[in-house]
Amino acid sequence: MKDYSSSCFLFGPRMTGKTHLLSQCKSAVFYDLLDPQLEKDFITHPQMFWEEISALKTGSQVIIDEIQKVPSILDYVQMGIDQKNLQFFLSGSSARKLKRGKSNLLGGRALDLKLHPLTIKELGKDFNIHNVLLFGSLPLISSLVAQKQNKRVVRQLKSYVTTYIKEEIKAESLVRNLSSFYRFLDVAAQCNGQMIEFSNISRECSVHMNTVKEHYSILEDTLMGRFIWPFDRSERKKARPKFYFFDCGIVRALQNRLTDKPATEELGFLFETWVANELIRVRDYMEYAHQISCWRKDKWEIDFLIHSGKKPIMAIECKSGKQIKNKHSIKAFQREFPKTPVIICSLYEKRSRKIGEHVWVEPYVKTIEKYRRILK
């Protein structure tokens, strides 16, 4: 982790390595709230937590793993910051209980940091785009893939899904009807990377449309995925965003396709999912104040538009085949934003090409690197 001088929330999906990362930090005390006894003690006697941190030296560092398990101690965390100048690192795989339970989010006293699956830069020489599209880039999965232990990879990814349901959804009582959530999750996985029509998903999984929207908010709050909304406000009113799960391996596990070779169309959605998530990871780690939207006008669409408020910075169209199929959308976009660079991010091409005014075809590696260096 960077050398932060203030307290921090560190949120990320399960198995992204939060506990391992925090264990590398020096601290006076490390609280693991996955310990059932510790969780019970602090739920029933939260004052005990305050008594323990009161005994620490002024300015000490305190780590609390899985803070969403006992959100009530956040009031004492604030007291520790204000009265004893303690520094807290607070991790969690779900912000839902904190947000929905109106927990004390420390009123600007703690930074909001994110931890994601491994990036192309973090994987370095071990990065293989086809492995990442098939199995994702969670740290343990990447390690097993590098060791060519594909059977263990499949087992781990399948168990991730059941663990998520058991520990995040069922144990935290996030939904009243678990069977309806199972049905929704199956359909949502099949719709990954596609334009979301809530009414259609409602019919497919036999769940009320408002419940579908609530289930999607659970996926967002438990960091399983995110919406990409249209840049144009009039398009946003039509409520047709795209939803991307946070990792390609998890998507394929949910779809029960881990042992299947991806068809051409599926490969396209997986590549688009990886690009979306890689852009988000770079943005969060570089601390760019950018938003990532899609651009849509009438029948034309560009996959991603990176912007700062109303100012477009870079447009990215994903290309997983040999042909550029979206030339008319690119022209329509350029009529509206003639000076905004358009990058056609290619899965297979190895060299850069300029094919028009402010339009480039780039290998996926160079596309991500261009965004990484955009403010340098």
Side-chain angles (χ1 to χ4, degrees), residues 11-13 15-17 21 113-143 145-146 157 192-194 219-220 223-229 241-252 262 266-295 302-308 312-320 341-350 352 360-376:
F11 286 112
M15 283 178 59
T16 47
L21 184 62
L113 306 179
K114 302 291 190 301
L115 189 64
H116 301 281
L118 297 173
T119 66
I120 187 172
K121 187 174 182 180
E122 289 171 321
L123 282 166
K125 62 181 178 58
D126 292 327
F127 179 82
N128 180 296
I129 186 62
H130 295 288
N131 285 341
V132 169
L133 297 185
L134 293 178
F135 303 119
S137 61
L138 289 167
L140 174 60
I141 300 302
S142 296
S143 177
V145 169
L157 286 170
N192 175 69
Q194 301 177 41
L219 292 182
E220 283 195 296
L223 310 176
M224 283 289 284
R226 56 191 58 80
F227 283 115
I228 298 289
W229 290 88
K242 289 184 175 183
F243 187 86
Y244 295 91
F245 281 86
F246 80 100
D247 180 80
C248 291
I250 298 303
V251 171
R252 301 195 78 229
E266 182 189 357
L267 188 66
F269 285 123
L270 289 172
F271 181 55
E272 191 176 317
T273 298
W274 176 78
V275 172
N277 283 304
E278 194 74 6
L279 292 171
I280 289 166
R281 294 164 194 170
V282 170
R283 179 197 64 186
D284 290 348
Y285 291 161
M286 300 296 288
E287 299 182 359
Y288 290 158
H290 295 162
Q291 298 177 52
I292 300 175
S293 303
C294 58
W295 179 82
I302 299 291
D303 291 327
F304 306 114
L305 179 60
I306 299 167
H307 57 100
S308 178
I313 296 170
M314 175 191 294
I316 298 174
E317 176 68 15
C318 297
K319 182 173 85 76
S320 57
V342 178
I343 308 297
I344 300 171
C345 178
S346 174
L347 175 58
Y348 292 110
E349 298 201 37
K350 304 298 183 184
S352 303
W360 290 264
V361 178
E362 296 280 15
Y364 59 86
V365 175
K366 287 193 175 181
T367 301
I368 300 303
E369 191 59 27
K370 272 195 170 183
Y371 180 50
R372 182 182 295 278
R373 296 177 177 276
I374 200 164
L375 293 184
K376 291 186 176 181

Sequence neighbours excluded and cut-off under 3.5 Å, please list the side-chain donor-acceptor pairs for residues 126-138, or say none.
residue	atom	partner	partner atom	Å
N128	OD1	H130	N	3.0
N128	OD1	N131	N	3.0
S137	OG	L118	O	2.9

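For the atom pair I292 CD1 and I313 CD1, the distance stands at 10.0 Å (nearest 0.5 Å). Atom NZ of K242 and atom CD1 of I228 lie 9.5 Å apart (nearest 0.5 Å). A distance of 10.0 Å separates CD1 of I306 from OH of Y288, quoted to the nearest 0.5 Å. Distance check, rounded to the nearest 0.5 Å: CG of L279 to CG of D284 gives 11.0 Å. D247 contributes atom CG, which lies 11.5 Å from atom CZ of R252 (distance to the nearest 0.5 angstrom). If you take CD on Q291 and OG on S308, they are separated by 7.5 Å, rounding to the nearest 0.5 Å.
By the ring-ring contact (aromatic ring centres under 6.0 Å, His included) test, F246 pairs with no residue at all, sequence neighbours left out. Residues satisfying the salt bridge (charged side-chain N to carboxylate O under 4.0 Å, His left out) criterion with E278, sequence neighbours excluded, are R281. For the ring-ring contact (aromatic ring centres under 6.0 Å, His included) test, residues two or more places apart in sequence or in another chain that qualify with Y364 are W274. Residues satisfying the ring-ring contact (aromatic ring centres under 6.0 Å, His included) test with H116, not counting sequence neighbours, are Y285. Judged as a side-chain hydrogen bond (donor to acceptor under 3.5 Å, both in side chains), and not counting sequence neighbours, D303 has no contacts.
Counting only heavy atoms from C-beta outward, the side chains of F245 and L219 approach each other to under 4.5 Å. Side chains of F304 and M314 form no contact here, defined as non-hydrogen atoms less than 4.5 Å apart. Under the 4.5 Å side-chain criterion, counting only non-hydrogen atoms from C-beta, V275 is not in contact with T367. Counting heavy atoms from C-beta on, the side chains of P117 and N277 never come closer than 4.5 Å. Using a 4.5 Å cut-off on side-chain heavy atoms (C-beta onward), T119 and V282 make no contact.
Paired with F243 under the rule side chain to side chain contact (heavy atoms under 4.5 Å, CB included), one option of M224, E220, Q194 passes, and it is E220.
When all heavy atoms are compared, the tightest approach of H307 to P312 is CB-CA, 3.8 Å. The heavy-atom pair separating Y348 from S320 by the smallest distance is CE1-O, 2.9 Å. Among all heavy-atom pairs drawn from R372 and M286, the shortest one is O-CE, 3.5 Å.
In this structure a side-chain-to-backbone donor-acceptor pair under 3.5 Å is present from T273 to F269.
Taking a cutoff of 4.0 Å between a charged side-chain nitrogen and a carboxylate oxygen, E369 and K366 do not qualify as a salt bridge.
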